[in-house]
Amino acid sequence: MAVSRPPEERAEVAKWLFWANASLDPILFIETPTGRVKDTGLRRNPTPKAITLLEEILSSREYLAGNNFSAADVAVGAYLLYIPLFFPDFNMG
């Protein structure tokens with residue numbers, strides 16, 4: 001059953017969905033001109049400002065948007081979980 005969320009929380013979820021696609025993707029993935037993923041940007045810069053900010057936010061709360069698990073957590077988590085799948089030799093430690 002879907003959880004009804006107040007408009008402010010839905011807006012916060014939407015913000016994180018856009019952030020994952022627009023900001024996190026280009027940090028994590030370097031693509032060829034044809035769109036194939038060739039490497040992770042984390043090799044060049046293992047602690048980009050956006051990742052540091054994400055770690056700071058999640059150190060003080062359990063979920064990205066509100067007090068419940070949401071699509072925001074799924075979107076950001078999915079991007080992060082692709083790194084060990086695509087680049088098993090890269091240590092995210």
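This one's a predicted model, so the numbers in the text were calculated from it and none came from an experiment.
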| said: Could you measure the distance from the CG atom of Asn45 to the CD1 atom of Ile51? Nearest 0.5 Å is fine. | reply: 9.5 Å
| said: Does anything in residues 38-50 form a salt bridge (charged side-chain N to carboxylate O under 4.0 Å, His left out)? List the pairs, not counting sequence neighbours. | reply: Asp39-Arg43, Arg43-Asp89
| task | Could you tell me which residues satisfy side chain to side chain contact (heavy atoms under 4.5 Å, CB included) with Glu56, sequence neighbours excluded, listed by chain and number? | result | Thr52, Leu53
Show the atom names and distances, to 0.1 Å, of all donor-acceptor pairs under 3.5 Å that link a side chain in residues 8-17 to residues at least two apart or in another chain.
unit_1, atom_1, unit_2, atom_2, d
Glu9, OE2, Arg5, NH1, 2.6
Arg10, NH1, Arg5, O, 2.5
Glu12, OE2, Lys15, NZ, 3.2
Glu12, OE2, Trp16, NE1, 3.3
Trp16, NE1, Leu64, O, 3.4

| said: Per the salt bridge (charged side-chain N to carboxylate O under 4.0 Å, His left out) rule, what does the pair list look like for residues 64-86, sequence neighbours excluded? | reply: none
| note | Residues passing the side-chain hydrogen bond (donor to acceptor under 3.5 Å, both in side chains) test with Thr34, sequence neighbours excluded, are Thr32
| said: Tell me which pairs pass ring pair (Phe, Tyr, Trp, His ring centres under 6.0 Å) where either residue lies in residues 45-71, with sequence neighbours left out. | reply: none
| Residues two or more places apart in sequence or in another chain: which of them pass side-chain hydrogen bond (donor to acceptor under 3.5 Å, both in side chains) with Ser59? | none
| task | Would you give the length of the straight line joining atom CZ of Arg36 to atom CD1 of Ile30, rounded to the nearest 0.5 angstrom? | result | 15.0 Å
| message | Taking salt bridge (charged side-chain N to carboxylate O under 4.0 Å, His left out) as the cut-off, I'd like each qualifying pair that reaches into residues 20-35, sequence neighbours left out, listed once. | response | none
| message | To check you understand the geometry: which heavy-atom pair defines the closest contact between Pro48 and Ile27, and what is its length? | response | CG-CG2, 3.5 Å
| remark: side chain to side chain contact (heavy atoms under 4.5 Å, CB included) filter on Asn67, not counting sequence neighbours, yields none
| said: Working to the nearest 0.5 angstrom, can you tell me the gap between Ile83 CD1 and Leu28 CG? | reply: 4.5 Å
| message | Given 3.5 Å as the limit, does a donor-acceptor pair link the side chain of Ser60 with the main chain of Ile57, or not? | response | yes
| Do you reckon Leu42 sits in the same ILVMFWY cluster as Leu58, going by side-chain contacts under 4.5 Å, direct or chained? | yes
| task | Quick one: pull up OG1 in Thr47 and CD in Glu55 and give me the separation to the nearest 0.5 Å. | result | 8.5 Å
| Pairs in or reaching into residues 71-93: which pass ring pair (Phe, Tyr, Trp, His ring centres under 6.0 Å), with residues at least two apart or in two chains? | Phe29-Phe86, Tyr82-Phe86
